[in-house]
Structures are given as C-alpha cells and as structure tokens.
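Data first, discussion second: the structure below is written as structure tokens.
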Amino acid sequence: MNQERKSFDATDLTILGILLRDSRTPLQEISAAVGLSTTSCWNRIKRMTDSGTLQGYTVKVDLPSLGYHDQLIVQVTLDSHSEETLYEFGRALESIPEVLEASLISGDYDYFLRIAVKDTRDYERLLRERLYKIPGIRHSKSSFVLRTLKKVDTPLTA
C-alpha cells in the first residue's frame with residue numbers, strides 16, 4: 001500500500017468531505033473552508049489523486065427521472081467457482097447496463113447484484129432475455145427495494 005494513502009490529517013479529511021458533498025466546489029471555496037492557500041489546497045488534492053484515494057469526480061443521477069423507477073437486490077449462486085466461470089459471469093454482467101453493482105460475497109449466495117429497472121415487466125424481460133441466459137447460474141433470489149434509507153460510498157461524513 002502506498003504510504004501516502006495512510007497519512008491523512010484533519011485538513012485532508014475536511015477537503016474530502018467537501019468534495020463528497022459537491023465535487024464541483026471551486027478550489028477557492030475549499031481553500032477558504034480549510035484555511036489554506038489555493039496552491040496548498042490543490043497540492044493536497046493532487047496528492048490524494050496521485051495516491052489513488054481520489055479516484056474520479058462524478059455526478060449523482062436521479063434514476064426515476066430517467067424512467068428507472070424500481071431497483072432490485074438479486075442474490076445469485078453459480079454452479080461452479082472456477083476462475084473461468086467467475087470471469088465469464090463478470091463479463092456477462094458488464095454487458096447488462098441495468099446492473100448497477102455486482103459483488104462477490106460470502107455466505108449462502110455467491111453474488112450480490114443491484115439492478116435498476118423501469119417496472120416489473122422490465123425486470124421480467126431482463127431476467128428472461130439477459131440474466132437467465134448467463135451460463136452457470138444455479139439459483140437466484142430477487143427482492144425489490146421499497147425505499148433506500150441510506151446510500152453512501154464512503155464512511156466519511158460530508
């Protein structure tokens with residue numbers, strides 16, 4: 001692990017918090033909030049980027065405004081756990097844009113998938129035409145997300 005990744009002080013964490021809240025926050029505003037010159041603030045942001053801590057800037061999208069009104073959690077068990085099967089399963093998931101997240105997990109199931117769909121008919125279509133055509137799926141269990149109470153990408157507070 002890069003040593004720089006471990007050396008964060010309160011100022012670095014405050015900068016990260018500001019960027020988590022709004023990654024478009026102007027450098028001058030961040031600098032004023034942490035009491036540093038813009039050059040010093042930029043150097044800290046660059047160091048966090050170079051070390052891999054900051055991995056990009058993005059936007060949050062309201063999925064229902066794009067027509068994706070439902071989300072599901074799908075747990076999947078595969079027939080095999082060979083490297084080839086896991087690789088091919090991952091490749092197949094990459095080709096399905098509705099799959100928002102896929103994680104290899106421990107426990108009764110092998111994978112945890114978070115999927116966005118327009119409605120139940122769209123989910124049925126996705127199952128029939130895409131998901132169930134992936135070779136090696138032994139079993140799956142689906143649950144519709146009724147409400148998301150919390151969703152963050154990091155335990156840091158914004």
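These values consider heavy atoms only, across backbone and side chains, with no hydrogens, waters or symmetry-generated copies. Keep in mind the model is a prediction, meaning the values are calculated, not measured.
- There is no side-chain donor-acceptor pair under 3.5 Å between Ser37 and Thr39.
- Cluster partners of Val76, by chain and number: Leu72, Val74, Leu78, Leu86, Phe89, Leu93, Ile96, Val99, Leu104, Tyr111, Leu113, Ile115, Val117, Tyr123, Leu126, Leu127, Leu131, Tyr132, Ile134, Ile137, Phe144. The rule joins Ile, Leu, Val, Met, Phe, Trp and Tyr whenever side-chain heavy atoms lie under 4.5 Å apart.
- In terms of hydrophobic clustering, with Ile, Leu, Val, Met, Phe, Trp and Tyr side chains grouped at heavy-atom distances under 4.5 Å, Leu149 and Leu100 are assigned to different clusters.
- Considering OG of Ser143 and CD of Gln75, their distance stands at 6.5 Å, rounded to 0.5 Å.
- Between the CZ atom of Arg24 and the OH atom of Tyr57 there is a distance of 13.5 Å, given to the nearest 0.5 Å.
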Q: Please assess Met48 against Ile15 for the test side-chain contact (heavy atoms from CB on, under 4.5 Å), listing each intermediate value before the final yes or no.
A: CA-CA 10 Å; Met48 288 186 276; Ile15 291 168; 3.9 Å; yes
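- One finds no salt bridge joining Lys60 and Asp153 here, because no Lys/Arg side-chain nitrogen approaches an Asp/Glu carboxylate oxygen to under 4.0 Å.
- Of the inter-residue distances, the one linking Asn43 atom CG with Thr38 atom OG1 reads 9.5 Å to the nearest 0.5 angstrom.
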Q. Where do Leu54 and Leu16 land on the side-chain contact (heavy atoms from CB on, under 4.5 Å) test, with the steps shown first?
A. CA-CA 8 Å; Leu54 285 175; Leu16 286 172; 3.5 Å; yes
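- Under the 3.5 Å distance criterion, the side-chain polar atoms of Ser51 are matched with a main-chain donor or acceptor of Arg47.
- The line from OG1 of Thr77 to CZ of Arg138 is 6.0 Å long, rounded to the nearest 0.5 Å.
- In this structure, Asp12 CG and Cys41 SG are separated by 9.5 Å, a value rounded to the nearest 0.5 Å.
- Applying the salt bridge (charged side-chain N to carboxylate O under 4.0 Å, His left out) test to residues at least two apart or on different chains, the pairs with a partner in residues 122-134 are Glu98-Arg125, Asp122-Arg125, Glu124-Arg128, Arg125-Glu129.
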Q) What do the steps show when you test Leu66 against Asp62 for side-chain contact (heavy atoms from CB on, under 4.5 Å), and what is the final call? A) CA-CA 7 Å; Leu66 297 176; Asp62 178 62; over 6 Å; no
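- Pairing each heavy atom of Thr148 with each of Lys151, the nearest pair is CG2-CB, 4.0 Å.
- Atoms OG1 and CG, from Thr14 and Leu19 in turn, are 11.0 Å apart once rounded to the nearest 0.5 Å.
- Using a 4.5 Å cut-off on side-chain heavy atoms (C-beta onward), Asp9 and Arg44 make contact.
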Q: Starting from the C-alpha separation in whole Å, work towards a yes-or-no answer on side-chain contact (heavy atoms from CB on, under 4.5 Å) for Ile45 and Leu27.
A: CA-CA 10 Å; Ile45 292 171; Leu27 182 59; 4.0 Å; yes
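- Under a hydrophobic clustering in which Ile, Leu, Val, Met, Phe, Trp and Tyr are joined whenever their side-chain heavy atoms come within less than 4.5 Å, directly or via other members, Leu63 and Val145 fall into different clusters.
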